[in-house]
Amino acid sequence: MISGIIQKIMYRSTRDGYSVIEVASPEGDYTLVGYFDIIREGCLIEAECKNEVHPVYGEQFFVHSHIIKEPDSPAGIKAYLASGAIKGIGEVLADRIVKKFKEDTFRIIEEEPERLSEIKGISENIALSISAQFSSEKDIRQAMIFLHKHGVGTKTAVKIYNFYKNEIYDIISQNPYKIAEDIKGVSFKTVDAIAVSSGIASDSTYRIKSAVEYILSKALQSGHTYLPVETLLKNIYELTDLDCISAESHFAGMQMENRIVIKNLNGCSCVYLSRIYHMESNMALMLHDINSAGSFRADIKAKETGKETETDTDKTEETKAKKITGKKAGSGEVDLKTEKEISDIESETGIVLDRLQRQAVYGAYCHRLLVITGGPGTGKTTVINSIIKLFEKKGLEFLLAAPTGRAAKRMSEACDHEAKTIHRLLEINVAGADKTDNDDVYEDMYFEKNENEPLEADAVIIDEVSMVDIYLMYALLKAVTPGTRLILVGDVNQLPSVGPGNILKDIINSQCFHTIRLNNIYRQLEKSDIVTNAHKIINSAYIELKRKSRDFLFIERHGSEAVISAMITLITKKLPDYVAADMLQIQVLTPMRRGELGSVRLNSLLQRYLNPPSYDKNEKKTVDCIFREGDKIIQVKNNYRLEWRIYSKDGRIVEKGSGVYNGDIGTISRIDEFSEVLCVEFDDKKTVDYNFDMLDEIEHAYALTIHKSQGSEYPAVIIPVFNAAALLMTRNILYTGVTRARKCVVMVGENKYFYEMAANNSEIKRCSGLEIMLRQYCMLRENTD
Ligand SMILES: Nc1ncnc2c1ncn2[C@@H]1O[C@H](COP(=O)(O)OP(=O)(O)OP(=O)(O)O)[C@@H](O)[C@H]1O
C-alpha cells in the first residue's frame, strides 16, 4: 500500500481515466499508473499497487484499487484548489483562500460559503458557485468510495456514477442488477458481486432474469442468435449455482415482460433475446416479401412520370405476366430479348459465360431475390459485371455495396462503378438518433435509409455477403422495398460474419430462393494453384505440398522461432520482388491472436524488423504497444463519427466525411506529442486524426488474424502453420487464409499440421434460426396461396 499526497498528474486520459501520477509519501516519491476517477493534485491517495519495471519509463507502480481523500494540510488544500477542481480558482485565489482559512478552508466552503466573499476577487455569486462545485465533487468522491467498497473497479464506477448520479445508493440497495440492463459494458458478474456485498438474496428474481440476459448477450458475441433451453439452463447453473427448475420458472415472466422469446425450431425450444428474435423473424418475412414482389417501384415511377418508358413497359408486362400466370416473366418462359442482350454482352466483353453464369445474369433480371455463391475464380465478379451491363441496357438503376471499406473498394475497382460500404449506402447518421428505436449495436446512430425512406433503385447488389451479420442485414432489408431486386453475392465457404448470425448459409440452406452455385474454376486457366488448392481444401482433396508451384508454397520449419525467422526473410528479401509489391503489402495471417505465433506477438516482432526505431520517427507509447511513424495499423472497431479528409497533392482538402470501419488498414503518417494527435493515412487516401485517448481503436497490422482478414485480398500472404487448439485450426480458417492471396501464398511450419487443418471440418455450429424461419414462412405462404 502506498499512501501520500498527489504531487503532479503527469498524464491523464479524458476517456478512460488512465493516468500517470507522482505521489510524495513519508517513505519517498513514487510514480503510480492506473485508472483513476477524480484525482486532483494535493489530494491524499491510498493505493494498493504492484511494482513493475517498464522498459522505457523504469520503475512504476500499477494501481489495482485506491481511495482518494481530501487533503488535510494547508499546502495540500492549496494545491487541490489550484488544480482546476473548481472553475474560477487559480493559483492566486487558492493562495489567498488558504492563507485566510487555513485547515478550516473546506468547512468554510461547505458550511459558510458566503464568508469566501471576504477575500479580494471573490463576489458572493462566485462564493456560492465555488461551494456548489465543491459539494458536487464531494458527492462523486463519496459515490466512488461507496462503489469501491462494493468491489467495483474505477472505470466501471465512473460509468455507473455518470449514469445514476446520487440515485446510485437506491439502485444498489434495491436492484443492482438494473445496472447491467441500463449500462452497456457492465457485466452480470460485476453487478452480482455488488448484489452479494449488499445482501441481495441469491435466488432473487432480479438475479435470475439478469443472468438469462447476460448469457444470451454473451452467446450473441459468439455468433449465436439464440440458445437452446437446455444450454441456457446449464449456463445459468454454472453462473449462479441455481437449479434448473427455479431458473426456468422465471422464463414465463420474462416472456410477458417482452425480454425473451421462446420459439420452437424443429422441435427444439430456443430462447432469444426479444429484439434479436424480432430481427430474425422480420428478416425472414422481408426476404420473402422482396422475393415475391412484383415490380411495384416501376409502377409507381410510371404513374409519377405519367408515361411508360420502354423499360417500364417491359416491367409492366412482367407484372401482368405475374398476375396472369403467377410467375414472373422469364421465370418459366424464355425471355428472348434478355437472352439476346446477354449474348451481346458476351460479344462486348469477349467472355462466353458458362451455363450457370448465364443463369445468374439472367436470374438477376427476372428474379426479385437472387443468391450467387462460388469459390475463388469461379466468376462471381465477371457475373456481377455482366449483370451491371444488362441492367444498363435495360435502363435499370442499380446500387453496389459490400460490408467493409476494403471489400467495397475492391468491388468498385473490379466493377468500374462506385460501390459503397453498406453503412454508407444506408446513410448512417451519427447525430440525434432516438435510442429507443435502435438496436444497441449502433447505439445512438441510425440509418437515414430505412422502411420509410427506402433505397431508390431497381436493384441492389451486395458482395461478400458471408461477412454480413444480422444487425446489418436487418438494416439493409428494411431499406429495400419489395419491387427492388436484391442480388446477394458471396462465398458460402468463407468464415461466417464476426457478428451474430449465419446469414448467407441460412438463406442458401433454406432453399427458398433462387440460388446459383458457380462451380467452374476459371482462374485455374491462368495456372493458379492458389485457386485450385483452395477448391481442393473445401472438397477434401489431397494437396501434394512437395510439388513445385509458383504461387502456393510450403516451407517446412520446426519451432516458432524458426517459423518467425523464415517469415521475416520472406517479407524483407524474397517476396517483395517476387510479387512486385511493397514490404508492407505482404500480409502475415495467423489463426489466432494469442500465443507464440499469434497476431499480438508477431506484430511486435515484425514491427522491429519492418519499422525499427529511428531518431526521425516519433513514437507514442500506449498500455499495450509503441506506435511509431511509418507503422502499418488496422482500425479495430466501427467508428461512425470519426472524421476523415482526403487531400490533393498540393495539400488542399478535396473531400471530407466521417466513418472509419473495423478492418480499415493504413499507415501512421505523423505523431504529434504536443497536440496529442496520431495521424493515419488509410489505403483509400483518407487521413484521420486520432487523439491520444482514442488509440485503443487501432492496432498494428503487420500480422492479422485470419478472421480479421475476411473480405480483403493481398498480393502475397504468409501463414504460419503450427500446432494449436483444434478449434482454431480448421479447414474453414485455412481456406479463408489461402484465398486472401492474389499472387502468392506461402505457408511456413510443419506440413503435418497443414494436413490436420485441411482435414478438420469441425466448424463451430452457430445457433441461428433464420433458415428454419424462412422455411416456415415459405410453407405458410404456400398453404395460404
Ligand atoms: N466464362 C468464363 N470464361 C473465361 N474466363 C472467365 C469466365 N468467367 C470468369 N473468367 C475469368 O476468370 C477469372 C476469375 O473470375 P472472377 O474474378 O470473376 O472470379 P471471382 O469468383 O470473382 O474470383 P474471386 O472470388 O477470387 O475474386 C477472371 O480472369 C475472369 O476473366
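Computed from a predicted structure; not experimentally measured. Nothing fancy with the numbering, it's 1 onward along the sequence.
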**Student:** Ignoring hydrogens and geometry, is there a side-chain-to-backbone donor-acceptor pair from Asp577 to Ala580 under 3.5 Å?
**Tutor:**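 No, because the side chain of Asp577 does not come within donor-acceptor range (under 3.5 Å) of the backbone of Ala580.
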**Student:** Is there a side-chain contact between Val563 and Glu750, using heavy atoms and a 4.5 Å cut-off?
**Tutor:**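 SC-SC contact between Val563 and Glu750 ruled out.
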**Student:** Output yes when a side-chain donor or acceptor of Ser412 lies under 3.5 Å from a complementary backbone atom of Ala419, and no otherwise.
**Tutor:**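 Checked: pair present.
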**Student:** Less than 4.0 angstrom from a charged side-chain N to a carboxylate O is my criterion; do Arg547 and Asp529 meet it?
**Tutor:**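 Counted as a salt bridge, because a side-chain N and a carboxylate O are separated by less than 4.0 Å.
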**Student:** Side chains of Glu464 and Met467, heavy atoms from C-beta outward: is any pair under 4.5 Å?
**Tutor:**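 With C-beta onward as the side chain, the pair touches.
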**Student:** Please list all pairs passing the side chain to side chain donor-acceptor pair (under 3.5 Å) test where one or both residues lie in residues 578-602, with sequence neighbours left out.
**Tutor:**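 The answer is Ser560-Glu596, Glu561-Arg601, Gln587-Lys632, Arg593-Glu699.
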**Student:** Nearest 0.5 Å, what's the CD-CG distance between Glu280 and Asn282?
**Tutor:**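 Between atom CD of Glu280 and atom CG of Asn282 there are 10.5 Å.
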**Student:** Which pair of heavy atoms, one from Pro576 and one from Met583, lies closest together, and at what distance?
**Tutor:**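 Here Pro576 and Met583 meet closest at CG-CG, 3.9 Å.
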**Student:** With rounding to the nearest 0.5 angstrom, report the CD1 to NZ distance, Ile345 to Lys389.
**Tutor:**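 Ile345 CD1 to Lys389 NZ: 7.5 Å, rounded to 0.5 Å.
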**Student:** Any chance you could lay out the ring-ring contact (aromatic ring centres under 6.0 Å, His included) test for Phe513 and His367, step after step, and finish with the verdict?
**Tutor:** CA-CA 9 Å; Phe513 310 108; His367 297 304; over 10 Å; no
**Student:** Just checking Lys574: does its NZ atom have more than 12 heavy atoms from other residues, nucleotides or ligands closer to it than 6.0 angstrom?
**Tutor:**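 It does not: Lys574 NZ has 12 such atoms or fewer within range.
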**Student:** His417 side chain to Cys415 main-chain N or O, any donor-acceptor pair under 3.5 Å?
**Tutor:**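 Answer holds: yes.
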**Student:** Would you call Glu713 and Arg406 a salt bridge, using N to O less than 4.0 angstrom?
**Tutor:**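 Looking at Arg406 together with Glu713, the answer is no, because their closest N to O distance does not fall below 4.0 Å.
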**Student:** Does any pair with a residue in residues 489-510 pass side chain to side chain donor-acceptor pair (under 3.5 Å), and if so which ones, sequence neighbours excluded?
**Tutor:**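 Every side chain to side chain donor-acceptor pair (under 3.5 Å) pair that includes a residue of residues 489-510, provided the two are not neighbours, is Asp491-Gln494, Asp491-Tyr735, Gln494-Thr736, Gln494-Thr739, Gln494-Arg740, Lys505-Glu763, Asp506-Ser768.
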**Student:** Is a side-chain donor or acceptor of Arg628 paired with a backbone partner of Asn611 at a separation under 3.5 angstrom?
**Tutor:**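 Yes, Arg628 side chain to Asn611 backbone: donor-acceptor pair under 3.5 Å.
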**Student:** With a 4.5 Å cut-off on side-chain heavy atoms, are Ile516 and Thr373 touching?
**Tutor:**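 Of all side-chain heavy-atom pairs linking Ile516 with Thr373, none is under 4.5 Å.
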**Student:** Mind checking the CZ-CD1 spacing from Phe552 to Ile543? Nearest 0.5 Å is all I need.
**Tutor:**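 It is 4.5 Å, given to the nearest 0.5 Å.
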**Student:** Does the plane of the ring in His423 sit parallel, tilted or perpendicular to the ring in Tyr640? Use 30° and 60° as the thresholds.
**Tutor:**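 Taking Tyr640 first and then His423, their aromatic rings sit tilted (interplane angle of 30° to 60°).
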**Student:** Just to verify, what does Arg557 make a salt bridge (charged side-chain N to carboxylate O under 4.0 Å, His left out) with, not counting sequence neighbours?
**Tutor:**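 Not a single residue meets the salt bridge (charged side-chain N to carboxylate O under 4.0 Å, His left out) criterion with Arg557.
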**Student:** Just checking, is any N or O donor in the side chain of Tyr609 or Tyr702 under 3.5 Å from an acceptor N or O on the other one?
**Tutor:**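 Absent: no donor and acceptor within the cut-off.
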**Student:** Would you check if Phe398 and Leu400 make a side-chain contact, meaning some heavy-atom pair closer than 4.5 Å?
**Tutor:**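 Side chain of Phe398 against side chain of Leu400, heavy atoms only: contact under 4.5 Å found.
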**Student:** Would you find more than 12 non-hydrogen atoms of other residues, nucleotides or ligands less than 6.0 Å from Glu413 atom CD?
**Tutor:**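 Above 12, so yes.
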**Student:** Any luck finding a side-chain donor-acceptor pair between Thr667 and Glu681 under 3.5 Å?
**Tutor:**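 No pair is found: no donor N or O on one side chain lies under 3.5 Å from an acceptor on the other.
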**Student:** Report the distance from atom NE2 of His535 to atom CG of Asn520, rounding to the nearest 0.5 Å.
**Tutor:**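 With rounding to 0.5 Å, NE2 (His535) is 10.0 Å from CG (Asn520).
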**Student:** Any luck finding a side-chain donor-acceptor pair between Lys708 and Asn662 under 3.5 Å?
**Tutor:**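 Lys708 vs Asn662: donor-acceptor pair found between side chains.
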**Student:** Would you say the side chain of Val636 lies within less than 4.5 Å of the side chain of Ile698, judging by non-hydrogen atoms?
**Tutor:**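 Ile698 does not reach Val636 side chain to side chain.
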**Student:** So how far is it from Leu606 CG to Ile586 CD1, rounded to the nearest 0.5 Å?
**Tutor:**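 If we round to the nearest 0.5 Å, Leu606:CG and Ile586:CD1 are 11.5 Å apart.
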**Student:** Does any part of the side chain of Val745, heavy atoms only, come nearer than 4.5 Å to the side chain of Ile719, both counted from C-beta?
**Tutor:**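 A side-chain contact under 4.5 Å exists here.
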